[in-house]
Amino acid sequence: MTATALTSAALSAADQLAHALTDPHFAWRGSRPDGGRAWPQSLAGGASGIALLHIERARTGRGSWNTAHTWLTAAVHGDVSAAANANLFFGAPALAFITHRAASASSRYLRLLDHLDRATLTLTRTRLAKAHLRIDRAERPPMEEFDLIQGLSGLAAYHLSRHPHHEITRDALAYLVRLTEPLPGQAGLPPWWTTVAPTGAPSADYPHGHGNFGLAHGMGAALSVLSLALLRGLALPGMVRAVERICAWTDQWRQGEKTGSWWPGLITLEQAAGGRVHPDLHPRPSWCYGVSGTARAQQLAGLALRTPARVQAAENAILAALRDPIQLDRLPEIGLCHGMAGLLHAAWRMATETGNTEITAELPHLADRLIIAIHRGDHAPELLDGAAGAALALHTLGVGSAPTPHWDTFLAVA
(Lines give C-alpha, C1' and ligand atoms only; values in the text may rest on other atoms or scores of the structure.)
Protein backbone atom coordinates (compact mmCIF):
# COMPACT_ATOMS: atom_id res chain seq x y z
CA MET A 1 0.00 0.00 0.00
CA THR A 2 1.43 3.37 -1.02
CA ALA A 3 1.50 6.30 1.40
CA THR A 4 -1.30 7.96 -0.56
CA ALA A 5 -3.42 4.81 -0.50
CA LEU A 6 -2.80 4.40 3.23
CA THR A 7 -3.88 7.97 3.93
CA SER A 8 -7.01 7.57 1.83
CA ALA A 9 -8.00 4.23 3.39
CA ALA A 10 -7.36 5.40 6.94
CA LEU A 11 -9.32 8.62 6.53
CA SER A 12 -12.17 6.88 4.74
CA ALA A 13 -12.55 4.33 7.52
CA ALA A 14 -12.30 7.03 10.20
CA ASP A 15 -14.91 9.13 8.41
CA GLN A 16 -17.33 6.21 8.22
CA LEU A 17 -16.98 5.45 11.92
CA ALA A 18 -17.35 9.10 12.89
CA HIS A 19 -20.40 9.64 10.70
CA ALA A 20 -22.11 6.68 12.39
CA LEU A 21 -21.51 8.47 15.71
CA THR A 22 -22.89 11.86 14.70
CA ASP A 23 -26.05 11.82 16.83
CA PRO A 24 -25.84 11.04 20.58
CA HIS A 25 -29.43 9.79 20.52
CA PHE A 26 -28.60 6.99 18.10
CA ALA A 27 -25.01 6.11 18.97
CA TRP A 28 -26.08 3.41 21.43
CA ARG A 29 -29.23 2.51 19.51
CA GLY A 30 -31.36 3.80 22.34
CA SER A 31 -29.47 2.15 25.22
CA ARG A 32 -26.90 3.82 27.39
CA PRO A 33 -23.78 2.18 28.80
CA ASP A 34 -24.06 1.14 32.40
CA GLY A 35 -21.73 0.05 35.18
CA GLY A 36 -18.36 1.75 35.70
CA ARG A 37 -18.40 3.45 32.29
CA ALA A 38 -21.31 5.70 33.17
CA TRP A 39 -23.06 8.04 30.81
CA PRO A 40 -22.17 10.78 30.11
CA GLN A 41 -18.99 11.73 31.99
CA SER A 42 -16.89 8.66 31.22
CA LEU A 43 -13.99 9.20 28.85
CA ALA A 44 -13.63 5.45 28.36
CA GLY A 45 -17.22 4.54 27.59
CA GLY A 46 -19.47 7.59 27.62
CA ALA A 47 -20.27 10.74 25.72
CA SER A 48 -17.08 12.57 26.67
CA GLY A 49 -14.96 10.00 24.83
CA ILE A 50 -16.99 10.33 21.65
CA ALA A 51 -16.91 14.10 22.03
CA LEU A 52 -13.10 13.86 21.96
CA LEU A 53 -13.26 12.15 18.56
CA HIS A 54 -15.42 14.89 17.08
CA ILE A 55 -13.40 17.67 18.70
CA GLU A 56 -10.20 16.29 17.18
CA ARG A 57 -11.83 15.94 13.77
CA ALA A 58 -13.04 19.53 13.95
CA ARG A 59 -9.64 20.80 15.07
CA THR A 60 -8.00 19.19 12.04
CA GLY A 61 -10.64 20.32 9.56
CA ARG A 62 -12.13 16.86 8.93
CA GLY A 63 -15.26 17.28 11.00
CA SER A 64 -17.94 19.71 12.06
CA TRP A 65 -17.74 21.92 15.12
CA ASN A 66 -21.53 21.62 15.35
CA THR A 67 -21.19 17.86 15.86
CA ALA A 68 -18.39 18.36 18.35
CA HIS A 69 -20.52 20.88 20.24
CA THR A 70 -23.48 18.50 20.30
CA TRP A 71 -21.39 15.78 21.88
CA LEU A 72 -19.64 18.12 24.30
CA THR A 73 -23.04 19.38 25.42
CA ALA A 74 -24.16 15.80 25.98
CA ALA A 75 -21.00 15.07 27.95
CA VAL A 76 -21.43 17.97 30.39
CA HIS A 77 -25.16 17.43 30.83
CA GLY A 78 -26.26 16.97 34.44
CA ASP A 79 -24.29 17.15 37.67
CA VAL A 80 -20.55 16.91 37.10
CA SER A 81 -18.67 14.73 39.57
CA ALA A 82 -15.73 16.28 41.39
CA ALA A 83 -15.91 13.77 44.23
CA ALA A 84 -13.21 11.32 45.31
CA ASN A 85 -14.09 9.00 42.41
CA ALA A 86 -13.38 11.67 39.77
CA ASN A 87 -10.25 11.16 37.67
CA LEU A 88 -8.83 11.66 34.20
CA PHE A 89 -11.32 9.13 32.86
CA PHE A 90 -14.41 10.30 34.75
CA GLY A 91 -16.06 13.45 36.03
CA ALA A 92 -14.63 16.95 36.12
CA PRO A 93 -11.05 16.03 35.07
CA ALA A 94 -12.27 14.03 32.06
CA LEU A 95 -14.54 16.86 30.98
CA ALA A 96 -11.77 19.41 31.57
CA PHE A 97 -9.50 17.29 29.39
CA ILE A 98 -11.83 17.27 26.39
CA THR A 99 -12.91 20.89 26.89
CA HIS A 100 -9.26 21.99 26.84
CA ARG A 101 -8.98 20.48 23.36
CA ALA A 102 -12.09 22.31 22.23
CA ALA A 103 -11.06 25.61 23.83
CA SER A 104 -7.70 25.49 22.07
CA ALA A 105 -9.58 26.21 18.84
CA SER A 106 -12.56 28.20 20.09
CA SER A 107 -12.97 30.84 22.79
CA ARG A 108 -16.54 29.61 23.11
CA TYR A 109 -15.53 27.07 25.73
CA LEU A 110 -13.23 29.13 27.96
CA ARG A 111 -15.78 29.75 30.71
CA LEU A 112 -16.69 26.07 30.88
CA LEU A 113 -13.02 25.12 30.93
CA ASP A 114 -12.32 27.52 33.78
CA HIS A 115 -15.14 25.99 35.85
CA LEU A 116 -13.97 22.43 35.20
CA ASP A 117 -10.34 23.33 35.71
CA ARG A 118 -10.98 24.82 39.15
CA ALA A 119 -12.80 21.65 40.20
CA THR A 120 -9.90 19.54 38.92
CA LEU A 121 -7.35 21.68 40.76
CA THR A 122 -9.22 21.23 44.04
CA LEU A 123 -9.55 17.49 43.49
CA THR A 124 -5.85 17.14 42.66
CA ARG A 125 -4.76 19.00 45.77
CA THR A 126 -6.95 16.74 47.92
CA ARG A 127 -5.57 13.61 46.27
CA LEU A 128 -1.98 14.83 46.65
CA ALA A 129 -2.41 15.59 50.36
CA LYS A 130 -3.82 12.12 50.96
CA ALA A 131 -0.99 10.47 49.01
CA HIS A 132 1.72 12.34 50.92
CA LEU A 133 0.16 11.34 54.24
CA ARG A 134 0.27 7.71 53.10
CA ILE A 135 3.95 8.02 52.22
CA ASP A 136 4.65 9.71 55.56
CA ARG A 137 3.21 6.60 57.23
CA ALA A 138 5.54 4.41 55.11
CA GLU A 139 2.58 2.45 53.78
CA ARG A 140 2.38 0.88 50.35
CA PRO A 141 0.15 2.68 47.84
CA PRO A 142 -3.28 1.58 46.68
CA MET A 143 -3.29 1.24 42.92
CA GLU A 144 -5.87 3.97 42.46
CA GLU A 145 -3.54 6.46 44.15
CA PHE A 146 -1.00 6.55 41.35
CA ASP A 147 -2.32 4.87 38.21
CA LEU A 148 -3.34 6.62 35.00
CA ILE A 149 -7.03 5.83 34.88
CA GLN A 150 -8.00 6.53 38.48
CA GLY A 151 -4.96 8.12 40.04
CA LEU A 152 -2.41 10.88 40.14
CA SER A 153 -0.47 9.84 37.04
CA GLY A 154 -3.60 10.67 35.07
CA LEU A 155 -4.15 13.97 36.86
CA ALA A 156 -0.48 14.87 36.38
CA ALA A 157 -0.81 14.13 32.66
CA TYR A 158 -3.79 16.48 32.46
CA HIS A 159 -2.06 19.32 34.28
CA LEU A 160 1.14 18.89 32.27
CA SER A 161 -0.90 19.34 29.11
CA ARG A 162 -3.24 22.05 30.39
CA HIS A 163 -0.84 24.35 32.25
CA PRO A 164 2.73 23.00 32.40
CA HIS A 165 4.09 25.86 34.49
CA HIS A 166 1.30 25.92 37.08
CA GLU A 167 2.13 25.15 40.71
CA ILE A 168 -0.25 22.17 40.68
CA THR A 169 1.71 20.61 37.81
CA ARG A 170 4.95 20.88 39.76
CA ASP A 171 3.24 19.42 42.83
CA ALA A 172 1.82 16.48 40.88
CA LEU A 173 5.21 15.75 39.30
CA ALA A 174 6.92 16.07 42.68
CA TYR A 175 4.53 13.43 44.04
CA LEU A 176 5.46 11.05 41.20
CA VAL A 177 9.11 11.61 42.08
CA ARG A 178 8.41 10.86 45.74
CA LEU A 179 6.47 7.74 44.74
CA THR A 180 9.74 6.24 43.48
CA GLU A 181 11.72 6.93 46.66
CA PRO A 182 12.36 3.91 48.92
CA LEU A 183 10.01 3.45 51.86
CA PRO A 184 11.66 3.06 55.27
CA GLY A 185 11.96 -0.54 56.38
CA GLN A 186 10.52 -1.96 53.16
CA ALA A 187 13.57 -3.07 51.21
CA GLY A 188 13.43 -5.66 48.45
CA LEU A 189 10.40 -4.41 46.55
CA PRO A 190 9.91 -1.09 44.77
CA PRO A 191 8.00 1.57 46.72
CA TRP A 192 5.15 1.46 44.19
CA TRP A 193 4.51 -2.24 44.86
CA THR A 194 0.85 -2.47 45.77
CA THR A 195 -0.81 -4.95 48.13
CA VAL A 196 -3.90 -5.53 45.97
CA ALA A 197 -4.76 -7.54 42.87
CA PRO A 198 -4.71 -5.99 39.37
CA THR A 199 -8.40 -5.22 39.88
CA GLY A 200 -7.39 -2.75 42.59
CA ALA A 201 -9.02 -4.83 45.33
CA PRO A 202 -7.53 -7.37 47.76
CA SER A 203 -7.65 -10.93 46.45
CA ALA A 204 -6.67 -14.36 47.69
CA ASP A 205 -5.06 -14.88 44.27
CA TYR A 206 -2.63 -12.05 45.06
CA PRO A 207 -1.97 -12.43 48.80
CA HIS A 208 1.16 -10.29 48.59
CA GLY A 209 -0.06 -7.88 45.93
CA HIS A 210 1.82 -7.25 42.72
CA GLY A 211 4.12 -4.95 40.79
CA ASN A 212 2.44 -3.42 37.74
CA PHE A 213 4.29 -2.35 34.57
CA GLY A 214 1.32 -1.23 32.47
CA LEU A 215 0.31 2.23 31.32
CA ALA A 216 -3.29 1.87 32.44
CA HIS A 217 -2.70 0.77 36.03
CA GLY A 218 1.04 0.61 36.62
CA MET A 219 4.30 2.50 36.67
CA GLY A 220 4.42 2.79 32.91
CA ALA A 221 2.22 5.88 33.14
CA ALA A 222 4.39 7.53 35.79
CA LEU A 223 7.46 6.80 33.65
CA SER A 224 5.82 8.38 30.60
CA VAL A 225 4.56 11.48 32.41
CA LEU A 226 7.88 12.15 34.14
CA SER A 227 9.76 11.63 30.87
CA LEU A 228 7.42 13.94 28.98
CA ALA A 229 7.95 16.60 31.64
CA LEU A 230 11.73 16.31 31.26
CA LEU A 231 11.44 16.51 27.47
CA ARG A 232 9.42 19.72 27.87
CA GLY A 233 12.06 21.31 30.06
CA LEU A 234 10.25 20.88 33.39
CA ALA A 235 13.05 19.26 35.35
CA LEU A 236 12.34 19.18 39.09
CA PRO A 237 14.72 18.03 41.84
CA GLY A 238 14.96 14.24 41.77
CA MET A 239 13.05 13.80 38.53
CA VAL A 240 15.90 12.31 36.52
CA ARG A 241 16.68 9.95 39.39
CA ALA A 242 13.01 8.94 39.56
CA VAL A 243 12.99 8.03 35.86
CA GLU A 244 16.22 6.09 36.37
CA ARG A 245 14.70 4.16 39.29
CA ILE A 246 11.69 3.08 37.24
CA CYS A 247 13.94 2.17 34.31
CA ALA A 248 16.19 0.09 36.54
CA TRP A 249 13.17 -1.92 37.68
CA THR A 250 11.83 -2.42 34.18
CA ASP A 251 15.31 -3.38 32.95
CA GLN A 252 15.50 -6.04 35.65
CA TRP A 253 12.38 -7.69 34.27
CA ARG A 254 12.85 -7.10 30.55
CA GLN A 255 12.62 -10.39 28.69
CA GLY A 256 13.88 -11.60 25.32
CA GLU A 257 16.63 -10.42 23.09
CA LYS A 258 17.26 -6.76 22.34
CA THR A 259 15.69 -7.21 18.91
CA GLY A 260 12.45 -8.46 20.44
CA SER A 261 12.25 -7.37 24.07
CA TRP A 262 9.08 -7.54 26.11
CA TRP A 263 8.06 -6.68 29.62
CA PRO A 264 5.54 -8.53 31.78
CA GLY A 265 2.28 -6.77 32.49
CA LEU A 266 2.77 -7.45 36.17
CA ILE A 267 4.72 -9.70 38.54
CA THR A 268 3.82 -11.36 41.82
CA LEU A 269 5.93 -11.66 44.95
CA GLU A 270 6.74 -15.27 44.07
CA GLN A 271 8.04 -14.23 40.65
CA ALA A 272 10.01 -11.39 42.20
CA ALA A 273 11.57 -13.76 44.72
CA GLY A 274 12.40 -16.27 42.00
CA GLY A 275 13.94 -13.63 39.79
CA ARG A 276 12.32 -14.86 36.59
CA VAL A 277 9.17 -14.48 34.53
CA HIS A 278 7.68 -17.46 32.71
CA PRO A 279 7.41 -16.98 28.93
CA ASP A 280 3.67 -17.68 29.19
CA LEU A 281 3.35 -14.31 30.94
CA HIS A 282 4.29 -12.49 27.75
CA PRO A 283 1.31 -10.08 27.44
CA ARG A 284 -0.38 -9.47 24.14
CA PRO A 285 0.84 -6.25 22.46
CA SER A 286 -1.94 -4.04 23.82
CA TRP A 287 -1.71 -0.50 25.14
CA CYS A 288 -2.91 -1.21 28.66
CA TYR A 289 -0.40 -3.92 29.65
CA GLY A 290 1.59 -4.83 26.56
CA VAL A 291 4.30 -3.51 24.32
CA SER A 292 2.10 -0.81 22.75
CA GLY A 293 2.30 1.07 26.03
CA THR A 294 5.50 -0.18 27.64
CA ALA A 295 7.67 0.36 24.56
CA ARG A 296 6.42 3.93 24.15
CA ALA A 297 7.16 4.64 27.82
CA GLN A 298 10.67 3.22 27.37
CA GLN A 299 11.24 5.29 24.24
CA LEU A 300 10.21 8.47 26.06
CA ALA A 301 12.47 7.59 28.98
CA GLY A 302 15.39 6.97 26.64
CA LEU A 303 14.85 10.32 24.97
CA ALA A 304 14.51 12.10 28.31
CA LEU A 305 17.65 10.48 29.72
CA ARG A 306 19.51 10.84 26.41
CA THR A 307 20.30 7.15 26.20
CA PRO A 308 20.04 6.06 22.54
CA ALA A 309 20.35 2.38 23.49
CA ARG A 310 17.09 2.53 25.44
CA VAL A 311 15.34 4.29 22.57
CA GLN A 312 16.59 1.65 20.14
CA ALA A 313 15.56 -1.24 22.39
CA ALA A 314 12.05 0.22 22.73
CA GLU A 315 11.67 0.70 18.99
CA ASN A 316 12.99 -2.80 18.32
CA ALA A 317 10.46 -4.17 20.79
CA ILE A 318 7.43 -2.67 19.06
CA LEU A 319 8.89 -3.49 15.65
CA ALA A 320 9.16 -7.15 16.67
CA ALA A 321 5.49 -7.17 17.68
CA LEU A 322 4.44 -5.52 14.42
CA ARG A 323 6.31 -8.17 12.42
CA ASP A 324 5.09 -11.18 14.40
CA PRO A 325 1.84 -12.71 13.03
CA ILE A 326 1.33 -14.63 16.26
CA GLN A 327 1.45 -11.43 18.30
CA LEU A 328 -0.86 -9.60 15.89
CA ASP A 329 -3.36 -12.47 16.04
CA ARG A 330 -3.58 -11.90 19.79
CA LEU A 331 -5.24 -8.54 19.08
CA PRO A 332 -8.52 -9.34 17.35
CA GLU A 333 -10.28 -6.34 18.93
CA ILE A 334 -10.32 -2.91 17.29
CA GLY A 335 -9.94 -0.66 20.36
CA LEU A 336 -7.25 1.54 21.85
CA CYS A 337 -7.00 -0.33 25.14
CA HIS A 338 -7.00 -4.00 24.21
CA GLY A 339 -6.91 -3.92 20.45
CA MET A 340 -5.26 -3.05 17.17
CA ALA A 341 -5.94 0.68 17.36
CA GLY A 342 -3.75 0.97 20.47
CA LEU A 343 -0.84 -0.79 18.78
CA LEU A 344 -1.28 1.21 15.58
CA HIS A 345 -1.34 4.54 17.37
CA ALA A 346 1.58 3.77 19.69
CA ALA A 347 3.64 2.61 16.71
CA TRP A 348 2.72 5.77 14.79
CA ARG A 349 3.75 7.91 17.77
CA MET A 350 7.07 6.10 18.11
CA ALA A 351 7.86 6.24 14.39
CA THR A 352 6.94 9.92 14.20
CA GLU A 353 9.00 10.78 17.29
CA THR A 354 12.32 9.63 15.87
CA GLY A 355 11.64 9.17 12.17
CA ASN A 356 11.95 5.39 12.38
CA THR A 357 11.27 4.26 8.81
CA GLU A 358 11.18 0.56 9.74
CA ILE A 359 8.23 1.10 12.07
CA THR A 360 6.56 3.36 9.51
CA ALA A 361 6.85 0.61 6.90
CA GLU A 362 4.81 -1.76 9.09
CA LEU A 363 1.89 0.64 9.65
CA PRO A 364 0.01 -0.05 6.38
CA HIS A 365 -0.30 -3.77 7.16
CA LEU A 366 -1.65 -3.13 10.65
CA ALA A 367 -3.98 -0.39 9.43
CA ASP A 368 -5.36 -2.76 6.82
CA ARG A 369 -5.98 -5.42 9.48
CA LEU A 370 -7.80 -2.87 11.61
CA ILE A 371 -9.97 -1.62 8.74
CA ILE A 372 -10.93 -5.18 7.79
CA ALA A 373 -11.88 -5.94 11.40
CA ILE A 374 -13.98 -2.78 11.55
CA HIS A 375 -15.94 -3.76 8.45
CA ARG A 376 -16.56 -7.30 9.69
CA GLY A 377 -19.05 -6.41 12.39
CA ASP A 378 -20.76 -3.97 14.68
CA HIS A 379 -18.73 -2.38 17.45
CA ALA A 380 -19.43 -0.51 20.64
CA PRO A 381 -19.24 3.25 20.08
CA GLU A 382 -16.95 3.99 23.02
CA LEU A 383 -13.50 5.55 23.01
CA LEU A 384 -11.34 3.09 24.88
CA ASP A 385 -12.50 -0.24 23.47
CA GLY A 386 -14.72 0.69 20.56
CA ALA A 387 -15.32 2.58 17.36
CA ALA A 388 -14.46 6.09 18.58
CA GLY A 389 -10.94 5.06 19.59
CA ALA A 390 -10.34 3.16 16.35
CA ALA A 391 -11.56 6.18 14.41
CA LEU A 392 -9.15 8.48 16.26
CA ALA A 393 -6.18 6.20 15.57
CA LEU A 394 -7.02 5.95 11.87
CA HIS A 395 -7.80 9.66 11.62
CA THR A 396 -4.42 10.56 13.12
CA LEU A 397 -2.61 8.13 10.84
CA GLY A 398 -4.39 9.59 7.83
CA VAL A 399 -3.91 13.24 8.78
CA GLY A 400 -0.31 12.55 9.73
CA SER A 401 -0.29 14.75 12.80
CA ALA A 402 -1.89 15.28 16.19
CA PRO A 403 -1.99 18.99 17.02
CA THR A 404 -1.34 20.24 20.52
CA PRO A 405 -2.87 19.92 23.00
CA HIS A 406 -2.60 16.23 22.13
CA TRP A 407 -5.75 14.11 22.21
CA ASP A 408 -3.68 11.05 23.21
CA THR A 409 -2.45 12.59 26.46
CA PHE A 410 -5.07 10.46 28.20
CA LEU A 411 -3.13 7.39 27.01
CA ALA A 412 0.15 8.79 28.43
CA VAL A 413 1.84 8.44 25.03
CA ALA A 414 2.10 12.19 24.33
Side-chain angles (χ1 to χ4, degrees), residues 36-53 55-56 71-104 109-131 142-164 166-176 179 200 215-217 221-222 224-225 228-229 336-337 382-384 388-389 404-414:
R37 294 181 174 179
W39 174 279
Q41 297 174 44
S42 170
L43 191 63
S48 62
I50 299 173
L52 181 64
L53 165 65
I55 289 167
E56 184 66 15
W71 275 99
L72 185 55
T73 301
V76 300
H77 178 72
D79 294 332
V80 174
S81 175
N85 66 331
N87 51 63
L88 178 59
F89 280 67
F90 177 77
L95 297 174
F97 174 76
I98 64 170
T99 305
H100 180 213
R101 273 83 201 140
S104 70
Y109 301 106
L110 291 177
R111 181 178 295 182
L112 173 62
L113 177 58
D114 180 66
H115 173 72
L116 293 167
D117 203 34
R118 282 187 280 110
T120 303
L121 286 167
T122 299
L123 171 69
T124 305
R125 291 189 180 104
T126 301
R127 297 284 296 274
L128 285 170
K130 184 178 179 181
M143 198 162 67
E144 66 268 18
E145 176 189 292
F146 67 86
D147 77 358
L148 181 73
I149 290 181
Q150 300 181 79
L152 284 161
S153 289
L155 292 173
Y158 166 74
H159 292 299
L160 180 62
S161 174
R162 168 73 179 98
H163 32 221
H166 195 288
E167 180 184 10
I168 196 66
T169 307
R170 295 192 297 273
D171 290 347
L173 293 171
Y175 156 76
L176 292 179
L179 177 66
L215 257 70
H217 296 297
S224 285
V225 173
L228 286 165
L336 289 170
C337 185
E382 63 182 54
L383 177 67
L384 201 57
T404 56
H406 300 304
W407 70 262
D408 48 355
T409 291
F410 83 97
L411 297 172
V413 298

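If you read the sequence from its start, that first residue is 1, and numbering goes on from there.
In the displayed structure, His406 atom NE2 is contacted under 6.0 Å by more than 12 heavy atoms of other residues, nucleotides or ligands.
Among all heavy-atom pairs drawn from Val80 and Leu116, the shortest one is CG1-CD2, 4.1 Å. Between Thr120 and Ala96 the shortest heavy-atom distance is OG1-CB, 3.9 Å. Annotation for Leu88 and Leu148: closest pair CB-O, 4.1 Å, computed over non-hydrogen atoms. Scanning all heavy atoms of the two residues, the minimum distance from Ala157 to Val225 falls at CB-CG2, 4.0 Å. Contact between Gln150 and Arg127 at its shortest, heavy atoms only, is O-NH2, 2.7 Å.
There is a side-chain donor-acceptor pair under 3.5 Å between Thr124 and His159.
Not counting sequence neighbours, the partners of Arg118 by the side-chain hydrogen bond (donor to acceptor under 3.5 Å, both in side chains) test are Asp114. Under the rule for a salt bridge (Lys or Arg N to Asp or Glu O under 4.0 Å), Asp171 has no partner lying at least two apart in sequence or in another chain.
When side chains are defined from C-beta on, Leu155 counts as touching Pro93, because their heavy atoms get closer than 4.5 Å. Within the 4.5 Å cutoff, the side chain of Ile168 has heavy atoms near those of the Leu128 side chain. A 4.5 Å side-chain heavy-atom check between Leu228 and Leu160 finds at least one atom pair inside the cut-off.
Annotation: salt bridge (Lys or Arg N to Asp or Glu O under 4.0 Å) contacts involving residues 77-90, sequence neighbours excluded, are absent. Among residues at least two apart or in separate chains, salt bridge (Lys or Arg N to Asp or Glu O under 4.0 Å) pairs with a member in residues 404-414 are Arg349-Asp408. Evaluation of the salt bridge (Lys or Arg N to Asp or Glu O under 4.0 Å) test over residues 148-164, restricted to residues two or more places apart or in two chains, returns Asp117-Arg162.
In this structure, Ser161 contributes its side chain and Tyr158 its backbone to no donor-acceptor pair below 3.5 Å. Between the side chain of Asp147 and the main chain of Glu145, no donor-acceptor pair closer than 3.5 Å is present. Looking only at distances, no side-chain donor or acceptor of Ser153 sits under 3.5 Å from a matching main-chain atom of Ala221. Gln41 places a side-chain N or O within donor-acceptor distance of the main-chain N or O of Ser81, the cut-off being under 3.5 Å.
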**Asked** Taking it one step at a time, do Phe410 and Leu383 satisfy side chain to side chain contact (heavy atoms under 4.5 Å, CB included)?
**Response** CA-CA 11 Å; Phe410 83 97; Leu383 177 67; 3.5 Å; yes

Per-pair distances, 0.1 Å, donor-acceptor, side chain in residues 43-52, under 3.5 Å, sequence neighbours excluded:
residue: Ser48; atom: OG; partner: Ser42; partner atom: O; Å: 2.8
residue: Ser48; atom: OG; partner: Leu43; partner atom: N; Å: 3.1

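Cation-pi geometry between Arg111 and Tyr109 is not satisfied (NZ or CZ under 6.0 Å from the ring centre, within 45° of the ring normal).
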